[in-house]
Amino acid sequence: MLRAGLLAALTCLSGTMAAADPLILSARFDGPTTRYAHGVLGDAVEYGQLVLEVAEGDARQRVTITLPQDHVFEDLAPRLVDVTGNGAPEVVVIESDAARGAALAIYNADGKLAETPHIGTTNRWLAPIGAADLDGDGYVELAYIDRPHLAKTLRVWRYADGNLTQIASAKGLTNHKIGWDFIAGGLRACDDMPELITADARWSRIVATRLEGDQLMSRDLGAYTGPESLDRATQCE
């Protein structure tokens, strides 16, 4: 399966879009490169460009965002997410710095809106889980596992007023193994309350985590029997 063609969509929230706002119709990676030799996703190829198809009124255009030589998109596919709440999706990606490792970045048609801090050293990565209003406060939160092979720490960041702020974290959770060309688990909302589905640090249990206030509350959903069991847990059966 081609990584660049994988659709890894997160939640796209509804809202009222201003008529003048450019609308991102699609996003994909391009500019394959081997300049960042990490290979956490199973091969040596990452991407140096983000290509957006954008509509503004009746006009259509292609916008190509090219990273500097010391950055790559170390990711499967761009995610279309209405982070700002204006009714139009932004693009959420994993962007890695050759010296400082991965960060979660948000782009619109004009360029980068915001990003989390890079992890801090080369060959350190993060695996997104999902994005939604996790606690009902009207703001979108973005969740990922920081270093799913090492630190195994869930981090939740809120986007508000043009900035990303970390609001909660929890250790002992993961969603990716080295070499997988996919990220297991994800986001579900079975009773109108979003939950983040991951494995525990030992890859023995399936865990559902909710954001309640500024606390992450986790519960056991049963035995982990492979990545398919995490994916099934997102289906609200």
Side-chain angles (χ1 to χ4, degrees), residues 1-10 12 22 24-55 60-81 83 89-131 142-153 155 157 159 164 174-186 227:
M1 183 180 298
L2 293 175
R3 283 171 41 198
L6 291 175
L7 179 61
L10 303 182
C12 187
I24 297 174
L25 302 174
S26 67
R28 62 180 175 86
F29 293 131
D30 204 350
T33 178
T34 57
R35 67 185 183 232
Y36 186 58
H38 189 195
V40 72
L41 290 162
D43 61 35
V45 178
E46 310 305 340
Y47 299 95
Q49 294 180 323
L50 177 63
V51 181
L52 310 178
E53 296 294 332
V54 177
R60 301 287 187 273
Q61 65 175 321
R62 179 175 297 175
V63 175
T64 299
I65 296 166
T66 301
L67 292 179
Q69 286 296 305
D70 59 352
H71 280 224
V72 296
F73 294 114
E74 192 178 11
D75 205 348
L76 299 164
R79 301 154 188 83
L80 297 182
V81 188
V83 176
E90 287 74 43
V91 182
V92 177
V93 294
I94 308 168
E95 184 174 333
S96 292
D97 180 297
R100 298 182 295 151
L104 198 67
I106 304 168
Y107 282 84
N108 65 12
D110 295 322
K112 189 182 295 183
L113 280 180
E115 70 178 351
T116 65
H118 290 269
I119 290 170
T121 190
T122 191
N123 293 345
R124 295 295 182 265
W125 188 69
L126 59 85
I129 303 172
L142 298 92
Y144 64 76
I145 299 294
D146 175 0
R147 291 160 289 174
H149 325 114
L150 295 171
K152 300 182 180 180
T153 300
R155 300 193 187 277
W157 297 74
Y159 181 85
L164 283 166
T174 189
N175 60 350
H176 185 266
K177 292 186 178 183
I178 293 174
W180 278 2
D181 62 351
F182 60 90
I183 297 169

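Numbering starts at 1 and runs along the sequence shown. We use all heavy atoms of the structure for the numbers below, so side chains are in, but hydrogens, waters and symmetry mates are not.
Counting heavy atoms from C-beta on, the side chains of Val93 and Phe29 come closer than 4.5 Å. Using a 4.5 Å heavy-atom cutoff, the side chains of Leu113 and Tyr159 are in contact. Looking at Arg62 and Val51, their side chains come closer than 4.5 Å, going by heavy atoms from C-beta outward. Put simply, the side chain of Leu104 does not reach to within 4.5 Å of the side chain of Leu164, judged on heavy atoms.
Here the shortest heavy-atom pairing between Arg35 and Gly48 reads NH2-CA, 3.8 Å. Of all non-hydrogen atoms in Ser96 and His118, the two that sit nearest each other are C-CE1, 4.3 Å. Pairing each heavy atom of Trp157 with each of Pro117, the nearest pair is CH2-CD, 3.2 Å. The two atoms that bring Ala109 and Val54 nearest to each other are CB-CG2, 4.0 Å, heavy atoms only. Among all heavy-atom pairs drawn from Phe182 and Pro227, the shortest one is CE1-CB, 3.6 Å. Of all non-hydrogen atoms in Pro78 and Val91, the two that sit nearest each other are CB-CG1, 3.6 Å.
Although no hydrogens or angles enter the test, the distance criterion places a donor-acceptor pair under 3.5 Å between the side chain of Thr174 and the main chain of Pro148. Between the side chain of Glu90 and the backbone N or O of Val83 there is at least one donor-acceptor pair closer than 3.5 Å. Although no hydrogens or angles enter the test, the distance criterion places a donor-acceptor pair under 3.5 Å between the side chain of Asn175 and the main chain of Ala127.
Remark: Leu41 CG to Trp125 CH2 distance equals 4.5 Å, nearest 0.5 Å. Remark: Phe73 CZ to Glu95 CD distance equals 5.0 Å, nearest 0.5 Å. The line from NZ of Lys152 to CD1 of Ile145 is 10.5 Å long, rounded to the nearest 0.5 Å. Interatomic distance, CG of Leu52 versus CG of Leu80, reported as 8.5 Å (0.5 Å rounding). Note: Gln61 CD to Leu25 CG = 10.5 Å, rounded to the nearest 0.5 Å. The CG atom of Leu76 sits 6.5 Å away from the CD1 atom of Ile94 when rounded to the nearest 0.5 Å.
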Next item on the list: Would you please test Asn123 and Tyr36 for side chain to side chain contact (heavy atoms under 4.5 Å, CB included) and show each step?
Entry: CA-CA 9 Å; Asn123 293 345; Tyr36 186 58; 3.7 Å; yes
Next item on the list: Determine, stepwise, if the pair His149 / Val40 fulfils side chain to side chain contact (heavy atoms under 4.5 Å, CB included).
Entry: CA-CA 10 Å; His149 325 114; Val40 72; 3.2 Å; yes
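For the 3.5 Å distance criterion, the side chains of Glu46 and Thr33 fail to qualify, holding no donor opposite an acceptor.
Contacts of Arg155 classified as salt bridge (charged side-chain N to carboxylate O under 4.0 Å, His left out), with partners at least two apart in sequence or in another chain: Asp146.
Checked against Leu142 for a side-chain contact (heavy atoms from CB on, under 4.5 Å), the options Val81, Val92, Ile129, Thr116 give a single hit: Val92.
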